[in-house]
Amino acid sequence: MPSTRRAATTKLPANAKNTSSAELATTLAWLEQNGSKKAREGMARYAIPTDKAFGISVVTLRAHGKRLGRDHDLAHALWKTGYYEARLLAMFVADPSRLTANEMDRWCAEFDSWSLCDTACLHLFDRTPHAWPKVKEWARSSDEFVRRAAFALVASLAVHDKRAPDAPFREALVLVERAAKDPRNFVKKAVNWALRSIGKRNATLHAAAIDVAERLTAEADPTARWIGKDALRELRGDAVRRRLAKKVKAG
């Protein structure tokens with residue numbers, strides 16, 4: 001039976017305006033009731049901070065977010081609590097049509113884990129009209145998680161933005177190559193993710209991504225070489241080639 005075994009009841013944020021205290025309190029109570037110590041211990045093994053966590057899977061949170069529906073004010077109130085799962089849940093209930101570029105910047109600046117960063121990019125940020133401008137802006141950041149967000153967002157757009165032309169992805173490959181020497185773990189893995197995702201989008205981008213990956217493997221820098229070699233391993237694999245062949249055949 002799930003139990004957080006927390007010492008004190010979760011407090012409501014003092015500035016949770018526009019959302020009823022009862023609504024927020026009900027949501028936080030649900031989070032407390034569905035958390036577990038075992039899950040928190042598992043999170044710690046994956047470099048996810050647990051000092052303000054309940055211990056609930058993303059799958060469970062996503063399902064609960066669907067039950068709650070889009071509620072942008074609730075999303076802001078949840079974010080302000082500072083609790084890990086409350087912030088993840090905010091990504092599932094926030095309204096992408098109401099999310100502003102400034103709000104994206106504020107939330108991104110407070111990312112403290114790869115999982116929160118990636119969930120925001122995969123389930124919210126890539127659905128906003130601000131996505132591509134933020135890719136270019138955040139790719140220049142010196143902050144590890146902000147820069148990760150740029151490339152996690154590229155990877156998300158490569159999968160979800162079906163109507164986007166090739167041009168922005170070609171521009172993103174330039175950003176990938178520029179960031180490929182950043183040795184920070186959460187950045188280099190996101191850069192690699194973006195490169196692989198672009199290369200799997202279609203045959204034209206596959207060829208372009210292969211070119212970038214090959215150049216990276218020839219670099220003296222070890223991070224760039226790792227990114228290039230790892231990307232080539234997948235992009236030259238049979239699974240990707242079969243998938244792209246099917247796309248070409250389907251027209």
Side-chain angles (χ1 to χ4, degrees), residues 11-28 31 49 52 58 61-62 64-165 167-169 171-172 175 179 186-187 190-191 193-194 197:
K11 294 181 180 180
L12 302 181
N15 54 352
K17 61 183 179 179
N18 298 327
T19 297
S20 73
S21 295
E23 183 180 15
L24 181 58
T26 298
T27 305
L28 291 175
L31 290 171
K52 293 196 72 174
V58 174
L61 290 167
R62 187 179 185 184
H64 192 61
K66 286 184 177 180
R67 288 192 291 271
L68 291 173
R70 295 292 184 186
D71 188 331
H72 205 61
D73 294 329
L74 176 60
H76 275 287
L78 287 168
W79 182 267
K80 290 172 184 176
T81 67
Y83 284 93
Y84 172 69
E85 287 88 355
R87 288 185 161 188
L88 284 177
L89 187 58
M91 300 303 106
F92 297 121
V93 301
D95 186 345
S97 68
R98 290 182 57 190
L99 191 66
T100 68
N102 287 337
E103 287 169 342
M104 290 173 68
D105 285 333
R106 287 199 298 272
W107 286 358
C108 188
E110 293 185 33
F111 289 159
D112 61 357
S113 71
W114 61 268
S115 54
L116 183 55
C117 171
D118 295 0
T119 299
C121 292
L122 282 163
H123 299 284
L124 180 62
F125 289 176
D126 66 346
R127 291 160 171 77
T128 75
H130 317 295
W132 282 112
K134 288 305 168 189
V135 165
K136 295 178 182 178
E137 180 182 335
W138 294 343
R140 299 191 299 268
S141 175
S142 61
D143 181 274
E144 184 172 12
F145 286 113
V146 174
R147 202 173 200 194
R148 179 185 177 89
F151 295 100
L153 191 48
V154 170
S156 303
L157 288 162
V159 175
H160 296 146
D161 192 351
K162 305 296 184 183
R163 297 181 179 179
F169 293 104
E171 292 175 9
L175 300 178
F186 295 120
V187 175
V191 171
W193 180 20
S197 298

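Side chains are part of it too, since the values below use all heavy atoms of this structure and drop only hydrogens, waters and symmetry mates. Worth saying up front: this structure is predicted, and the values here are computed from it rather than measured.
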With P49, which residues qualify under side chain to side chain contact (heavy atoms under 4.5 Å, CB included), at least two apart? D51, D112, S113
With sequence neighbours excluded, tell me which residues meet side-chain hydrogen bond (donor to acceptor under 3.5 Å, both in side chains) with W107. none
For the residue pair A120 and M91, what are the closest heavy atoms and their distance? CB-SD, 3.4 Å
CG of D105 to CH2 of W138: how many Å apart, nearest 0.5 Å? 6.0 Å
Pairwise side-chain contact, F92 with K66, heavy-atom cut-off 4.5 Å (strictly under): no
For residues 149-158, which side-chain N or O atoms pair as donor and acceptor with protein atoms under 3.5 Å away, sequence neighbours left out?
unit_1: S156; atom_1: OG; unit_2: A152; atom_2: O; d: 2.8

Would you say the side-chain atoms of R148 pair up with the backbone N or O of F186, donor to acceptor, closer than 3.5 Å? yes
Mark yes or no for whether H130, through its side chain, and L99, through its backbone, hold a donor-acceptor pair below 3.5 Å. yes
Would you call V191 and R147 a side-chain contact if the rule is heavy atoms closer than 4.5 Å? no
Which atoms form the tightest heavy-atom contact between P165 and P168, and what is the distance? O-CD, 3.3 Å
Output all residues satisfying ring-ring contact (aromatic ring centres under 6.0 Å, His included) with F111, sequence neighbours left out; order by chain, then residue number. none
Heavy atoms, side chains only, cut-off 4.5 Å: are L61 and L31 in contact? yes
Side-chain donor/acceptor of R127 to backbone N/O of C121, under 3.5 Å: no
Going by the rule ring-ring contact (aromatic ring centres under 6.0 Å, His included), which residues pair with Y84 if we only count those two or more places apart in sequence or in a different chain? none
Could you pull out the closest heavy-atom pair between L88 and S115, with the gap in Å? CD2-O, 4.1 Å
Min side-chain heavy-atom separation W79-E103 under 4.5 Å: no
Sequence neighbours left out, what passes side-chain hydrogen bond (donor to acceptor under 3.5 Å, both in side chains) with S97? Give chain and number order. D95
Shortest non-hydrogen pair, H160 vs D126, comes out as ND1-OD2, 2.6 Å
Note: E171-K136 ion pair, threshold 4.0 Å (strictly below): yes
T27 side-chain N/O to E23 backbone N/O, donor-acceptor pair under 3.5 Å: yes
Would you check if H76 and R98 make a side-chain contact, meaning some heavy-atom pair closer than 4.5 Å? no
Could you check, using the six-membered ring where one of them is a Trp, whether F169 and W132 have ring centers closer than 6.0 angstrom? yes
For residues T128 and K134, determine if any side-chain heavy atom of one lies less than 4.5 Å from a side-chain heavy atom of the other. no
Would you confirm whether R70, through its side chain, and A94, through its main-chain N or O, come within 3.5 Å as a donor-acceptor pair? yes
Can you tell me if T119 uses its side chain to pair, donor with acceptor, with the backbone of L116 under 3.5 Å? no
